[in-house]
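Every value quoted in this text rests on a predicted model; they were computed, and no experiment measured them. Just so it is clear, the values below take in all heavy atoms, side chains as well, and ignore hydrogens, waters and symmetry mates.
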Amino acid sequence: MVLSAAFFITLQKICNEMIKLFVPGRLCLFGEHTDWAGHYRTMNADIAPGAAIVTGIEQGIYAEVEKSSIFELYSSAPEIEDVWQDFSCRMDEGELKRIAKSGSFFCYCAGVASYMLEWYKVGGVRIRITSMTLPMKSGLSSSAAICVLVARAFNLLYNLNLNTLGEMNIAYLGELRTSSRCGRLDQACAFGVKPNLMTFDGDEIEVRSLNVKRHLYWVFADLCAEKDTIRILSDLNKAYPFPNNEAERAEHAALGAKNLEIVDRAIRYMAEGRAEELGALMTEAEAMFDAMVAPMSPALWSPKLHEVLKDPKIKPLVWGGKGVGSHGDGSVQFLARSEADQQTLVDYLNAQGLKAYTLTLKPVHTVRRAIIPVAGFGTRLYPATRALKKDFFPIPCPDGMVRPVILILLEELVKSGIEEICLVLGSEEERQQYADYFERPLSEEHLRKLSPEAQEMESRILNIGKRLRYVYQQEKRGFGHAVYQAAHFAGNEPVMLLLGDTLYRSDSNKPCALQMVEEYERFNTLMVSIHPVPLSDVSHYGILHGVWEDKERTVLNVSTMYEKPKASYAEEFLGVRNASGEKEFYSVFGQYILTPEVFAQLHEDIMKADAEGDHAREIELTSALEAVRQRSGMMGVRLKGRMFDMGNPHALVKAVQEFSLP
């Protein structure tokens, strides 16, 4: 099944387009300072790689951006009206670099803009900050957030096709053009509000999303005291790349081998939901920092931080606590024992004159449920579908058995760990056919005639039947409307969607559906599977364009969806380069992981159509996907496998011929 042409759109930027952006601050949970320390491995191979667990927070910078002939920043944010003055300058490399070195309020923005101009020859940008909920100079990387915001504005407005890591790197290089000596983890805010492991091995940086098994109730607070980040970094860098005395060797150990051991334990505690041990590890990490790193800089003497950490009224509310970022008296963080304790702690810290915030890290729901719409009549396969639904058409398989299409799909899902599957039928009368097949045992007479392998298959079929649920699309109002019938079944969890007339064959030891699930657990966002199609065939498909998020070029951050483009247009605008530098063109493979946002959008689309009295309007899935993509992003996953369309006679013949081959 091909995605509907009616709602595939392209997001080609035009000069006067305005884009809304949000970039969060970041909270370093473990591994402060190891980013710049790990970078010194380029000069001293005995230094251990750096590792840090970093998460975006709910506070950040909201802005509207658009193209301009100059570089200009304005603000209507009430949170910073006392310190803000509007700023503008020419897009001139020398002038931007001078402002970057000046140490002024806008030096970070100018640093990034100068890099963009020097390397990408872009025009100007107008940025209007509409809200600033992120406290400044508190160890939460407000400077990095503004750098990422500027880099992302240029990237989107000028179609630079940078992935998230690329934006992060430019934000870092831009900040280095100021007097700041920030590390690489500050720009982790580019990855959004989720915990990530960042590793730093010389010039190499890797980012991996982390799983959280249970809710973790963090509290962090601006200590409203003084912190000299530049002095701290200057003092600590003196021990690198080669330590000269015992104190410097202790700093190397704390930011090297000992940190790796602490980070490894923290990842395990988070994945296993061991909140008490995680909190104790925070206290242990702070004690190590105080003993082995803090003596290297007078600026790390932190009376306010330690006063708050030792407060006897706080200890009963938390599992543990530690400093934030470069340390000093910038911010403090705690892991509260419960949601109620989290709020009590915030109220207490605010009453003490601090500025406290909550951050709840939530479990990433693995995909436990799947939906297969099979409500269609199968017009293109008539008159066979007059007697047999197309998802029951027989397909020879490599093991010598002949299975109906629906059984092949269901076995794929079960092998991928899916626990419940919802079939979307056209009417309640159709359910009997599925009940007869998946719930009614064979007679003893027929069972005795089967081989042992076939008898085992019979048992698997009945077990699959226990996983099935059914909903009905009483009105034929489009594919999105069919999917929406399973909204209650999906609940507030991610759900896999397979097409009822498409088969999948993995080219690895993992089913295609399992490959999708594993990528979802890495990125925790709306996903579609993709596969390359020849340039000569692009006019028959919806084509997706974006930038690769990983070195292996398997995950595409989708920025454009274009239905049935001409080959000349696709060649110029829609190609995605492979490892050899050649352009490839990607279409949808036929598997999706839908987030709760998609069902909310489908509900909104249905309500809007009904309110307008247009009950015949088709509700398409693609329009809902695009709306969610614009708000929250979408990843395209290139699976190791092949797809077989069953929706028309020619495709059916090809599937019957080829699917049985090993």
For the side chain of [X] and the backbone of [Y], is there at least one donor-acceptor N/O pair under 3.5 Å apart?
X	Y	value
D341	A336	no
K551	W548	no
Q485	H481	yes
Q342	W218	yes
N155	L162	yes
R505	L661	yes
T199	A51	no
E458	P441	no
N196	K194	yes
D201	E204	no

Taking C-beta and beyond as the side chain, do [X] and [Y] meet within less than 4.5 Å on heavy atoms?
X	Y	value
L574	V538	no
L260	D264	no
Q433	L388	yes
F489	R369	yes
I395	F644	no
V637	T554	no
R467	E420	no
I267	R208	yes

[X] vs [Y] aromatic rings, parallel, tilted or perpendicular, using cut-offs 30° and 60°?
X	Y	result
F392	Y437	perpendicular
Y504	F589	tilted
Y484	H603	tilted

What heavy-atom pair brings [X] and [Y] nearest, and what distance separates the two atoms?
X	Y	answer
I619	A609	CD1-CB, 4.2 Å
V588	Y592	CG1-OH, 3.6 Å
L216	A275	CD2-CB, 3.9 Å
L450	A454	CB-CB, 3.7 Å
M270	P195	CE-CB, 4.1 Å
A570	P565	CB-CG, 4.1 Å

With distance as the sole criterion, is a donor-acceptor pair present between the side chains of [X] and [Y] under 3.5 Å?
X	Y	result
S427	E429	yes
Q515	E519	no
E521	S209	no

What distance separates [X] [atom1] from [Y] [atom2], expressed to the nearest 0.5 Å?
X	Y	atom1	atom2	value
L468	L423	CG	CG	5.0 Å
S443	R448	OG	CZ	8.0 Å
L381	N648	CG	CG	7.0 Å
F438	R431	CZ	CZ	12.0 Å
L498	L503	CG	CG	10.5 Å
R268	L281	CZ	CG	9.5 Å

Partner of F599 under side chain to side chain contact (heavy atoms under 4.5 Å, CB included), chosen from N492, V628, L594:
L594

Atom pairs and distances, donor-acceptor, side-chain atoms in residues 400-419, under 3.5 Å, two or more places apart:
| unit_1 | atom_1 | unit_2 | atom_2 | d |
| --- | --- | --- | --- | --- |
| R403 | NE | E411 | OE1 | 2.7 |
| R403 | NH1 | D399 | OD1 | 3.0 |
| R403 | NH1 | D399 | OD2 | 3.1 |
| R403 | NH2 | D399 | OD2 | 2.8 |
| E412 | OE2 | C512 | N | 3.3 |
| E412 | OE2 | A513 | N | 2.9 |
| E412 | OE2 | Q591 | NE2 | 3.3 |
| S416 | OG | E412 | O | 2.8 |
| S416 | OG | L514 | N | 3.1 |
| E419 | OE1 | R368 | NH1 | 3.1 |

Residue [X] excluded, over 12 heavy atoms near [atom1] under 6.0 Å:
X	atom1	answer
E206	CD	no
K20	NZ	no
H488	NE2	no
E339	CD	no
K476	NZ	yes

Apply the test salt bridge (charged side-chain N to carboxylate O under 4.0 Å, His left out) to residues E604 and K608: give CA-CA distance (whole Å), side-chain angles for both, the deciding distance (0.1 Å), then the verdict.
CA-CA 6 Å; E604 182 179 323; K608 182 179 179 181; over 6 Å; no

Regarding [X] and [Y], does a basic nitrogen lie under 4.0 Å from an acidic carboxylate oxygen?
X	Y	value
E518	K510	yes
E456	R460	yes
D610	R477	yes

I'd like to know whether W319 forms a side chain to side chain contact (heavy atoms under 4.5 Å, CB included) with R274, so could you lay out the CA-CA distance, the side-chain angles of the two residues, the decisive distance to 0.1 Å, and finally the verdict.
CA-CA 11 Å; W319 295 121; R274 295 159 64 180; over 6 Å; no

Side chain to side chain contact (heavy atoms under 4.5 Å, CB included) for L278 and L29? Distances and angles first, verdict last.
CA-CA 10 Å; L278 187 63; L29 307 180; over 6 Å; no

Are T379 and T385 close enough, and set up right, to give a side chain to side chain contact (heavy atoms under 4.5 Å, CB included), and what steps lead you there?
CA-CA 7 Å; T379 305; T385 49; over 6 Å; no

Checking side chain to side chain contact (heavy atoms under 4.5 Å, CB included) for the pair I371/M496: CA distance, chi angles, key distance, verdict?
CA-CA 6 Å; I371 301 167; M496 172 158 280; over 6 Å; no

Audit row: E597, Q601, side-chain hydrogen bond (donor to acceptor under 3.5 Å, both in side chains) steps and yes/no
CA-CA 6 Å; E597 286 181 279; Q601 183 63 50; over 6 Å; no

Would R638 count as a cation-pi partner of Y586, with NZ or CZ less than 6.0 Å from the six-membered ring centre and within 45° of the ring normal?
no

